[in-house]
Asker: 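The structure that follows is given in the form of C-alpha cells.
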Amino acid sequence: MKRNICVVTGSRAEYGLLRPLLEKIKNTNGLKLSLIVTGMHLSSDFGLTYKEIERDGFCIDEKVNISIVSDTPLGVSRSMGLAMRGISRAYERIKPDIVVMLGDRFEIFSAASAALIARIPVAHIHGGEITEGAFDDAMRHSITKMSHLHFTSTEEYRKRVIQLGEQPNRVFNVGAIGLDNINKIKLLSKATLEKKLNLKFNKHNLLVTFHPVTLENNTSKIQFNNLLKALDRLKDTYIIFTKSNADTYGRIINKMIDEYVSRKSDKAISFTSMGQLKYLSTMQFVDAVVGNSSSGIIEAPSFKIGTINIGDRQKGRIRAKSIIDCAPIQKDINRAFGKLYSKKFQDSLRSVKNLHGNSGSAKKITEILKSYNLKDIIKKHFFDVNFEF
C-alpha cells in the first residue's frame with residue numbers, strides 16, 4: 001500500500017518553495033500525494049493562486065476556505081479557527097499517513113494543531129529559525145513541538161530544534177528547499193521577462209517586498225512610508241513591488257503600494273503574485289531585494305545580489321555578507337542604499353556564499369518521508385540538552 005503524504009499550503013510564497021517537493025512525492029513509487037490548499041490561495045484579494053497550483057499539474061484534494069477578508073487581530077484569529085475546523089475535516093476524508101507543512105504562518109499553525117488532535121504525524125520544514133519581529137516566531141516553535149520529523153535549512157537551526165527537546169534522530173539538516181528551484185527551473189531571459197511582466201528594466205532595478213512587523217503595534221504605515229521616501233531619492237531606478245501577505249495590517253501596505261504605483265507608473269509596478277518562475281527570474285536582473293522578506297535572506301545570496309533588510313521582522317536569521325541590515329527610518333534606509341551601490345560592497349558580492357546550502361532538499365526529504373518508520377512515532381520523548389547556566 002502506498003504511503004499517503006498530505007501536504008498543506010496556504011500562501012503563494014510557501015507553495016513556490018514546496019513545489020519541487022510536491023513533484024518528487026508525486027513521482028516517487030510507493031508514495032501518494034494528497035494536497036490541501038487554504039489561506040491566500042483561495043482569496044481573490046491575493047490572486048486566487050490555487051489556479052497556479054492546478055496549472056502546474058497538481059490535483060487539489062481539498063480546498064479549505066478560511067475567509068481572509070480582514071487582517072485585524074480579530075480577523076486573523078477568526079481565520080485560524082476556520083482553518084482548524086476545515087482542515088480537521090479534510091484530514092478525516094483524506095486519512096493521511098503523515099502531514100507535511102512548511103514555515104510558520106497562522107493557517108499552518110492551525111493545520112498542525114488539527115493534526116495533533118487527530119494523532120496524525122507531522123513533518124515540519126524550516127523549523128529552528130528565528131524571526132524576532134513577528135508572531136510567526138512563536139508559531140514556528142509551537143509547530144516544532146507538534147511535529148514528529150523536522151527538516152531544517154542549516155546545522156545551527158537543527159541544533160535549535162534539538163534544544164527545543166526534539167530527538168536528534170528525527171531532525172535532519174537538508175538545506176533550504178527554495179534553493180532547489182534556483183538550480184532546477186530554467187529562468188527567463190531579460191527580454192522574455194520584460195514582455196511577460198510588461199515592464200522595461202532601467203539602469204538600476206530593485207525588487208521590493210515588505211510585510212508588517214506583527215509584534216509591533218500598527219507600525220506598517222510609518223515604516224513603509226519611510227521606505228517609499230528613500231526610494232524616491234534614487235535616480236535611474238525601476239521598482240518592482242510584490243504585495244504583502246495576509247498578515248495583520250498587510251492591507252495598509254498594499255494600499256500604499258497601489259497609490260505609489262499610480263503616481264509613479266513610469267518607474268514602478270506592482271504584483272499581487274508573480275509566481276516562483278517570474279519572481280526568481282526577476283532576481284537575476286535587480287541590484288537588490290529590499291524590504292523584510294525571508295527571500296532576501298535565503299534565496300537572494302544565491303544570485304550574488306544585495307539585500308536591504310529593514311527592521312526587526314527577520315531579526316535572528318543566519319545572514320550572508322550580502323545582507324545589509326538597517327532600521328526602518330529614512331536616514332538609515334538611505335545609508336543602506338549608499339552602501340549597496342558602493343564599489344567595495346559590489347565587489348564583495350562576487351564571493352558571496354549562501355549559508356543555506358545549494359540544492360537537493362526535496363530529494364532528501366522525500367527519501368526520509370518514504371523510508372522512516374512511522375510506527376509509534378506519535379509518542380515523543382523530550383530530549384534534554386545539558387547546559388550550564
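Keep in mind the model is a prediction, meaning the values are calculated, not measured. Side chains are part of it too, since the values below use all heavy atoms of this structure and drop only hydrogens, waters and symmetry mates. Residue numbers start at 1 and run along the sequence shown.
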Asker: Looking only at non-hydrogen atoms, find the nearest pair between D180 and G360 and report the distance.
Answerer: OD1-N, 2.8 Å
Asker: Tell me whether R251 is salt-bridged to D45, with the criterion being a basic N under 4.0 Å from an acidic carboxylate O.
Answerer: yes
Asker: List, one per line, each side-chain donor-acceptor pair under 3.5 Å for residues 322-330, sequence neighbours excluded.
Answerer:
unit_1: D325; atom_1: OD1; unit_2: N309; atom_2: ND2; d: 2.9
unit_1: D325; atom_1: OD1; unit_2: R319; atom_2: NE; d: 3.1
unit_1: D325; atom_1: OD1; unit_2: R319; atom_2: NH2; d: 3.3
unit_1: D325; atom_1: OD2; unit_2: R319; atom_2: NE; d: 2.9

Asker: Would you name the heavy atoms of A90 and V64 that are closest together and state the gap between them?
Answerer: CB-CG2, 4.4 Å
Asker: When you compare the side chains of K243 and S273, does any donor N or O come within less than 3.5 Å of an acceptor on the partner?
Answerer: no
Asker: Run the salt-bridge test on E367 and K364 with the 4.0 Å N-O cut-off and return the result as yes or no.
Answerer: no
Asker: From the options T307, I310, I333, select the one residue that forms a side chain to side chain contact (heavy atoms under 4.5 Å, CB included) with V290.
Answerer: I310
Asker: Extract all donor-acceptor atom pairs below 3.5 Å that involve side chains of residues 279-288 and protein atoms in other chains or at least two apart in sequence.
Answerer:
unit_1: Y279; atom_1: OH; unit_2: S295; atom_2: OG; d: 2.6
unit_1: S281; atom_1: OG; unit_2: L188; atom_2: N; d: 2.9
unit_1: S281; atom_1: OG; unit_2: L277; atom_2: O; d: 2.7
unit_1: T282; atom_1: OG1; unit_2: K278; atom_2: O; d: 2.6
unit_1: Q284; atom_1: NE2; unit_2: L188; atom_2: O; d: 3.0
unit_1: Q284; atom_1: NE2; unit_2: S281; atom_2: O; d: 3.1
unit_1: D287; atom_1: OD2; unit_2: H204; atom_2: ND1; d: 3.3
unit_1: D287; atom_1: OD2; unit_2: N205; atom_2: N; d: 3.1
unit_1: D287; atom_1: OD2; unit_2: Y341; atom_2: OH; d: 2.9

Asker: So, do L31 and K2 sit near enough that their side-chain heavy atoms are less than 4.5 Å apart?
Answerer: no
Asker: Test ring-ring contact (aromatic ring centres under 6.0 Å, His included) on F241 and Y260; report intermediate values, then the result.
Answerer: CA-CA 10 Å; F241 292 98; Y260 187 88; 5.7 Å; yes
Asker: Is it the case that the side chain of S262 and the backbone of E259 share a donor-acceptor pair, with hydrogens and angles ignored and the cut-off at 3.5 Å?
Answerer: no
Asker: Write out all pairs satisfying side chain to side chain donor-acceptor pair (under 3.5 Å) with one or both partners inside residues 31-44, taking only residues at least two apart or from two chains.
Answerer: N4-S34, T9-H41, H41-T49
Asker: Is a side-chain donor or acceptor of K380 paired with a backbone partner of K145 at a separation under 3.5 angstrom?
Answerer: yes
Asker: Other residues, nucleotides and ligands only: do more than 12 of their heavy atoms fall within 6.0 Å of NZ on K63?
Answerer: yes
Asker: If the threshold is 4.0 Å, N to carboxylate O, is there a salt bridge linking K190 and E194?
Answerer: no
Asker: Any idea which heavy atoms bring Y91 and A115 closest together, and the distance?
Answerer: CE1-N, 3.4 Å
Asker: State whether the number of non-hydrogen atoms from other residues, nucleotides or ligands found under 6.0 Å of R93 atom CZ is greater than 12.
Answerer: yes
Asker: Determine, step by step, whether I36 and E62 satisfy the side-chain contact (heavy atoms from CB on, under 4.5 Å) criterion, reporting the C-alpha distance in whole Å, the side-chain angles of both residues, the deciding distance to 0.1 Å, and the verdict.
Answerer: CA-CA 5 Å; I36 296 175; E62 295 282 347; 4.2 Å; yes
Asker: Answer yes or no: is there a donor N or O on one side and an acceptor on the other, between the side chain of R170 and the main chain of I377, under 3.5 Å?
Answerer: yes
Asker: Please determine whether a side-chain nitrogen of the Lys or Arg among D258 and K255 lies less than 4.0 Å from a carboxylate oxygen of the Asp or Glu.
Answerer: no
Asker: May I ask you to decide if I66's main-chain N or O and S79's side chain share a donor-acceptor pair within less than 3.5 Å?
Answerer: yes
Asker: Assigning hydrophobic clusters by single linkage (Ile, Leu, Val, Met, Phe, Trp, Tyr; side-chain heavy-atom cutoff under 4.5 Å), is I108 placed with L33?
Answerer: no
Asker: Using a strict cut-off of less than 4.0 Å between a Lys/Arg side-chain nitrogen and an Asp/Glu carboxylate oxygen, indicate whether E14 and R105 qualify as a salt bridge.
Answerer: no
Asker: ring-ring contact (aromatic ring centres under 6.0 Å, His included) with F337: which residues, sequence neighbours excluded?
Answerer: none
Asker: Does H211 reach the side chain of I253, with side-chain heavy atoms less than 4.5 Å apart?
Answerer: no
Asker: Dump the intermediate steps for side-chain hydrogen bond (donor to acceptor under 3.5 Å, both in side chains) on E166 and H150, then the final yes or no.
Answerer: CA-CA 9 Å; E166 299 303 295; H150 310 272; 2.8 Å; yes
Asker: So for atom CZ, which belongs to R3, do other residues, nucleotides or ligands contribute more than 12 heavy atoms lying within a distance under 6.0 Å?
Answerer: yes
Asker: Can you find a pair of side-chain heavy atoms, one from K370 and one from T28, that are under 4.5 Å apart?
Answerer: yes
Asker: Are any of the side-chain heavy atoms of K304 and R350 separated by less than 4.5 Å?
Answerer: no
Asker: Below 6.0 angstrom between ring centroids: does that apply to Y238 and F201?
Answerer: no
Asker: Would you find a donor on one side and an acceptor on the other, under 3.5 Å apart, between the side chain of H356 and the backbone of E299?
Answerer: no
Asker: Does atom CG of D266 have more than 12 heavy-atom neighbours from other groups under 6.0 Å away?
Answerer: yes
Asker: Could you pull out the closest heavy-atom pair between N354 and L179, with the gap in Å?
Answerer: ND2-CD2, 3.7 Å
Asker: For the residue pair E129 and I298, what are the closest heavy atoms and their distance?
Answerer: OE1-CD1, 4.5 Å
Asker: Charged N to carboxylate O under 4.0 angstrom, K344 versus D347?
Answerer: no
Asker: Linking Ile, Leu, Val, Met, Phe, Trp and Tyr through side-chain heavy atoms less than 4.5 Å apart, which residues share a cluster with Y157?
Answerer: I318, L355
Asker: Is there a donor-acceptor contact under 3.5 Å from the side chain of K267 to the main chain of I239?
Answerer: no
Asker: With a 4.5 Å cut-off on side-chain heavy-atom distances among I, L, V, M, F, W and Y, is there a chain of contacts connecting I143 to V100?
Answerer: no
Asker: Are the side chains of R313 and D136 in touch, meaning some heavy atoms are under 4.5 Å apart?
Answerer: yes
Asker: Going by an N to O cut-off under 4.0 Å, is there a salt bridge joining E23 and R19?
Answerer: yes
Asker: Is K26 close enough and on-axis enough to F58, meaning under 6.0 Å and within 45°, for cation-pi?
Answerer: yes
Asker: Spell out, as yes or no, whether a donor-acceptor pair under 3.5 Å connects the side chain of R158 to the backbone of P168.
Answerer: yes
Asker: Would S294 and R317 count as a side-chain hydrogen bond (donor to acceptor under 3.5 Å, both in side chains) here? Give the steps.
Answerer: CA-CA 9 Å; S294 62; R317 285 194 192 271; 4.6 Å; no
Asker: How is the hydrophobic cluster of M84 composed, in terms of its other members, when Ile, Leu, Val, Met, Phe, Trp and Tyr link through side-chain heavy atoms under 4.5 Å apart, directly or indirectly?
Answerer: I117
Asker: Does K264, at its NZ atom, have more than 12 non-hydrogen atoms belonging to other residues, nucleotides or ligands within less than 6.0 Å?
Answerer: yes
Asker: Is there a side-chain contact between V171 and F151, using heavy atoms and a 4.5 Å cut-off?
Answerer: no
Asker: Strictly by modelled atom types, are S147 and T144 linked by a side-chain donor-acceptor pair under 3.5 Å?
Answerer: no
Asker: Should V161 and F172 be regarded as members of a common hydrophobic cluster, given that ILVMFWY residues are connected when their side-chain heavy atoms come within less than 4.5 Å of each other, either directly or indirectly?
Answerer: no
Asker: Is a side-chain donor or acceptor of T209 paired with a backbone partner of S293 at a separation under 3.5 angstrom?
Answerer: no
Asker: So, for D97 and L374, which heavy atoms are closest and what is the spacing to 0.1 Å?
Answerer: O-CD1, 3.8 Å
